[in-house]
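Here is the naming used below: chain letters follow the sequence lines, and residue numbers restart at 1 for every chain. For the numbers below, each heavy atom of this structure counts, side chains included, while hydrogens, waters and symmetry mates do not.
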Amino acid sequence: MDEERSSMKLHITVNGADRRLEAPPNTLLVDLLRRQLGLTGTHVGCDTCQCGACTVHLDGRAVKACALLAVQADGHAVTTIEGVGSAQQLHPMQEAFRDCHALQCGFCTPGMIMAAIDLVEHGVPLSNRAVREGLEGNICRCTGYHNIVKAVLQGQKAMAAADDKQGAV
Amino acid sequence: MHSFDYHKPSTLAEAAALHQGAEDAAYLSGGQTLLPTMNQRLAAPSDLIDLAGIGELAGIATASGQVCIGACTRHAEVAASDAVRGALPTLASLAGQIGDPQVRNRGAIGGSLANSDPAADYPAAVLALNAVIHTDRREIAGDDYFLGLFETALEPGEIITRIDFAVPARAAYQKFPNPASRFAVAGVLVADYSGDVRVGVTGAGPCAFRALAFEAALAESLDPRALEGADIEGVIFNSDLHASAEYRAHLVRVMAQRAVAQLL
Amino acid sequence: MEQSGEYRILTKREDVWASLNDPEVLAKCIDGCQSMQRREDGSFLAAVKARVGPIRATFKANLRLVDLNPPASYVIHADVNGGAVGFAKGSAKVFLEEDGAATLLRYEISARVGGKLAQLGARLVDGAARKMAADFFAAFRLEFASPASAGGLSH
Amino acid sequence: MSSATGIGASVKRREDVRFLTGTATYTDDLNLPGQVYGVFLRSPHPRAALGEIDVSKALKADGVLAVFTGQDTAADGLGDLPCGWLVKSKDGSDMVSAPHPPLAVTQVNYVGEPYGLVVAETLAAARAGAELVVTDFTELPPVMDLATAADAAPIHEGLANNLAYDWALGDAAATDAALAKADHVTKLSLTNNRLIPNAMEPRAALGKFDPASGNYELHTTSQNPHLERLVLSAFVQIAPEHKLKIIAPDVGGGFGSKIFVYAEETAVIWAAAKLGRPIKWTADRSESFLADAHGRDHVTSAELGLDERGRFTALRVRTTANLGAYLSLFSSAVPTYLYGTLLAGQYKTPNIHVETKGVYTNTSSVDAYRGAGRPEATFVVERLVETAARELGWDPAELRRLNMIQPEDFPYETPVALVYDTGNYQASLERALELADYAGFAKRREAAAVEGKLRGLGFSCYIEACGLAPSQLAIQLGAGVGLYESGEVRVNPTGSVTVFTGSHSHGQGHETTFAQVVSDKLGVPFDDVEVVHGDTGRVEFGLGTYGSRSLAVGGSALIRASEKIIAKGRRIAAHRMQTEVENVAFEDGAFISGNQRMTLQEAAFASYVPADYPPDLEPGLSEKAFYDPQNFTYPAGAHIAEVEIDKETGVVRLVKFVAVDDFGAVVNPMIVDGQVHGGVAQGAGQALLEHGIYDGDGQLVTGSYMDYCMPRADDLPDFVVDTTVTPCTHNPLGAKGCGEAGAIGSPAAIINAVTDALGVQDIAMPATSEQVWRCLKEAEASEGC
């Protein structure tokens, strides 16, 4: 029952780049990203679709890459933590996490940031409570969330400011 | 995960034919339950039929007292839809309480109802909002849909296409979430159709059910206090680590009272 | 986990007892039963394709009938193995009482699960066991169902 | 030096950039050429005899390369996994340690115990292969009930019962006498609930063997790679230490659970050599639940005696501690030396006696989890004190003040073997009362009542002993290793500094904090200091990170090594300046004598290019130190929790949490606050949400995040944290340690608040909504309303 079915051809935009890929149908998106593309910033912290460490964006919305087949991303755009900012130029949300000490061991951090960016981009104006509820799909064991909430609120402001700046240019 | 053949049909007929021709097929909608289950190797369908390519399963429409949701509509879309928020805000609010944001961005109403998890949120809406479930074969009245634990009126291979909810005068949904999984330990939707009150309960029994005793009491007097003496009969309440049957029964009453208070 | 139930069957007790010992009848009443063989030691080996929501697995069930007290009672011991999915063990005490021309069938089941079923499915175990038992005895009752002979579910 | 990057500055963490951008390297992120995958065969039964393991079908399956079982590891002479701390029973006998083979050989003793390893070309093939193995188990009755386990039929063949030890500390007779004379005795029976650590990164191992050199290399999720190497070498006998390299790269949290040497990495490195291919294993979360060492799990009865003026006169504690099926690496020490010794708390209780029975059950091992023994001790003491205050009508803060050890009492010797060096407990309490607006609580309670809510407030004034401890003392008490730490400071020829520490960072921020310490001490720019840890091939030795020891012990080693650097630099400078060493001072990164100045960088260059150099001095500027603490450090603090209870549903909301802690000198306040936040969240999880539950049949029924309730963002409030400072008197940094405090103090504070709101004497942890609802219902029934 586990004989390898033939691989499927996939066309996925990964972090802005057009990728032509092949994977068997039973490949989870998170495994395609981690094993085939070497994008190991997306982590696996559970097997029940609860912890959110594998959160990526699919067409701009946060989804759990452990509950999505790679083939379901065919024809769509996937953004991972590696695609939102770099060491040279952190995304405002990444910068806010650093500034607020919103990470310790770092394992949940990529998923947390991907969830936070979606929350800011698609959520209502955020309050402390709204951020806490909006992060319901992400578990952190280190920080007690205090600084994460602070960072998301700060990141929200920074993202708005960055948008304004861009709008002005 | 075990191997399977993947199909992405573009019509319902094609999907049904694929299902019929396969040894042990499963439809893939949002996949938020099915894929983790397969990943844990607790299910191994021979074929997965992805419904995402079937155009007619998408979309939200409102018409003459109805809100119609295509089966592949994601929870987040229902929660954010201006049409739903305008016509039936309780349904949008309920959709916004399912799972967590990432799950809502993937999970779809048709898949949720086909799976019929005893602790899912939508079933309460199907019953209380007098929904009609449209399939590729027929229409099923919401009241006839839930049959037992994970058991629905759907026949093998039957595909939910659309769910039509009847817009009440007012409604409210109150949920007591499982602190670990965020599924409903008890979820109660109370809808007032100008005197005719419907109460849908999820999370509490083997499948969603209407609390007829509550409905009768509320028809007499639409007041939270009216529920104090009303007892749900004929339901074996679920009992698990998170809530005994007795506590669940209590929570159902409290959630119902809160829903009534909210809609007043 | 322990549960009980009761059915009234419009058939005389000896016939109900005979059916309770008939592997073919048992096989027909177990939802998803694909085969049922009697083994040398008198036990039965069944292959059952079971489904609880999204979980689907094929189980091998070893059924033993013990404490036989014809035609009044026996106990079915079930040892159910689902490989990687886990296992279940259970027993059903079945009592038959004459009730005029009909028979009152009463059962008390106890069951436990292990492996992934216990680890991941805790919230569903109770309900699933209840449903399986109810489905079995409901199907069993239907075995006697010329419409005239089937009795109602008393509770 | 006070600067933007020196000691005391909230320097942003330099490790963050790689975590934020997804470029960190956790064990599962690594891949080696020729790598294959391992999947463990695990027992579905809590106790069963292992019969035939039929691997024939598995071996025929596509991609499967090998199936190793306990028979194979035993035949190869692999040693048992040891317990590193020998505890003696009160009768003087050694603890009874059941053999713990890495893979079970004849019997499995908990659900999830590994008894075989399937190796295949792909992970999918290994998983499929594992499902094809047919194992003949003969089920045996498991021992599950902690209260009766000790005298139940023995789990392990050859043992008389399930008692690993029956340990005691303190003066039994004096305590009994004082209790008999007490004017009031407060009694409680308490349960400290079983917790599952749940570091977000599941454990993983990637083992490799090079037959040409005979070198083994193991990447694994360890908090202490050197200890791992020591155990795998000396006890399990994988390979001699010089042939065994252990690397713990980025590790995604540990909280204790990654201290221990587990079966999995042991089997993986062994099998990699057998097979001649690198093997990777990464736990599923489901496996983590089953096979990581769990925490806590005590039942206790305790009595506190008070005199007529409210002074504590005696404390008697009887505890049964669940050790699981096998003694994990530090498990024996946790409910004894890390628990009984802490029962004095912050108080001058003159008579204390504690007895701990450590028992075997058919569950996963129980070992150190954030706080390790100290949260359990704090829970006993602080629940008793709060209850006594309520029984006697005292303000709980006032009863504490009355009994607290005062600043002038230090050094203070407790009746349970510790000597507290310093502290000011009341200062923390007063500050916490202020931050908690204790004076305004009555009004808040009234306001809540108007809304139909119950408000409660609870205290916990905890003490912990960490930074453990003089090696000689620990070894006398049964420790199998020393408890010092190593550090090396290498000033490179151009003046940049590489620091090597045996203390491992998995979220604590050592790469930043230790760089602050060395940069401050040596006066070199922060950015010029690099910290290396987690690799036995690069760092000489170490004992890892646990017990809030990293800064107090590891940081002190770096101070000592830095002092040696300065001493040598002074000699180099004195030679160049043509003066005596005594005339050379070291300030702000430079050696100074009169108007002559030589920077550390110049001294370093001179040492590596020794042209004009002291003739009797070795070239190079690299120094190491082993720092052995003279005493424990004693962080302490006051935590105040405020909760609000929904009377209808029983839901408890933690609405406010104040933590005022004394960690001694603080290097990076931002990181310290973060440690407190995280600790409090875990303590709140223990008090309100988390519970590892085995059913009566021995199955773990909270085996996933669907049922094991992890605290999420919306379960918690913002925390109010502050510090008071009494520097540690016996280490060069004055630091005490901050990693565990939050988890130690908070459970008692929260349960004290919940019981205050409910008006009941006790409620078991976690205080779930159903339990609270039942309490309320009972209260209602007894009041007849």
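In this structure a side-chain-to-backbone donor-acceptor pair under 3.5 Å is present from D/Q699 to C/G115.
Using a cutoff of 4.0 Å between basic side-chain nitrogens and carboxylate oxygens, C/K116 and D/E131 are not scored as salt-bridged.
Of the two parts of C/V125, neither the backbone nor the side chain holds a non-hydrogen atom closer than 4.5 Å to a non-hydrogen atom of chain D. Proximity to chain C (any heavy atom under 4.5 Å) is shown, for D/V111, by neither the backbone nor the side chain.
Taking CD from D/E139 and CG from C/D79, the interatomic distance works out to 7.5 Å, rounded to the nearest 0.5 Å.
Enclosure of atom NZ in C/K93 is not indicated, since only 12 or fewer non-hydrogen atoms of other residues, nucleotides or ligands lie within 6.0 angstrom. The number of heavy-atom neighbours closer than 6.0 Å to CG of C/N69, taken from other residues, nucleotides and ligands shown, is above 12. More than 12 heavy-atom neighbours from other residues, nucleotides or ligands sit within 6.0 angstrom of CZ on C/R112. At most 12 heavy atoms of other shown residues, nucleotides or ligands fall within 6.0 angstrom of atom NZ in C/K60.
Considering only heavy-atom pairs separated by less than 4.5 Å from chain C, the leading option among D/S704, D/S286, D/G112 is D/S286. Among C/A118, C/G121, C/A84, C/A122, the residue with the largest count of heavy-atom pairs under 4.5 Å with chain D is C/A118.
Considering every non-hydrogen atom in both D/D707 and C/L120, the closest pair reads OD2-O, 4.4 Å.
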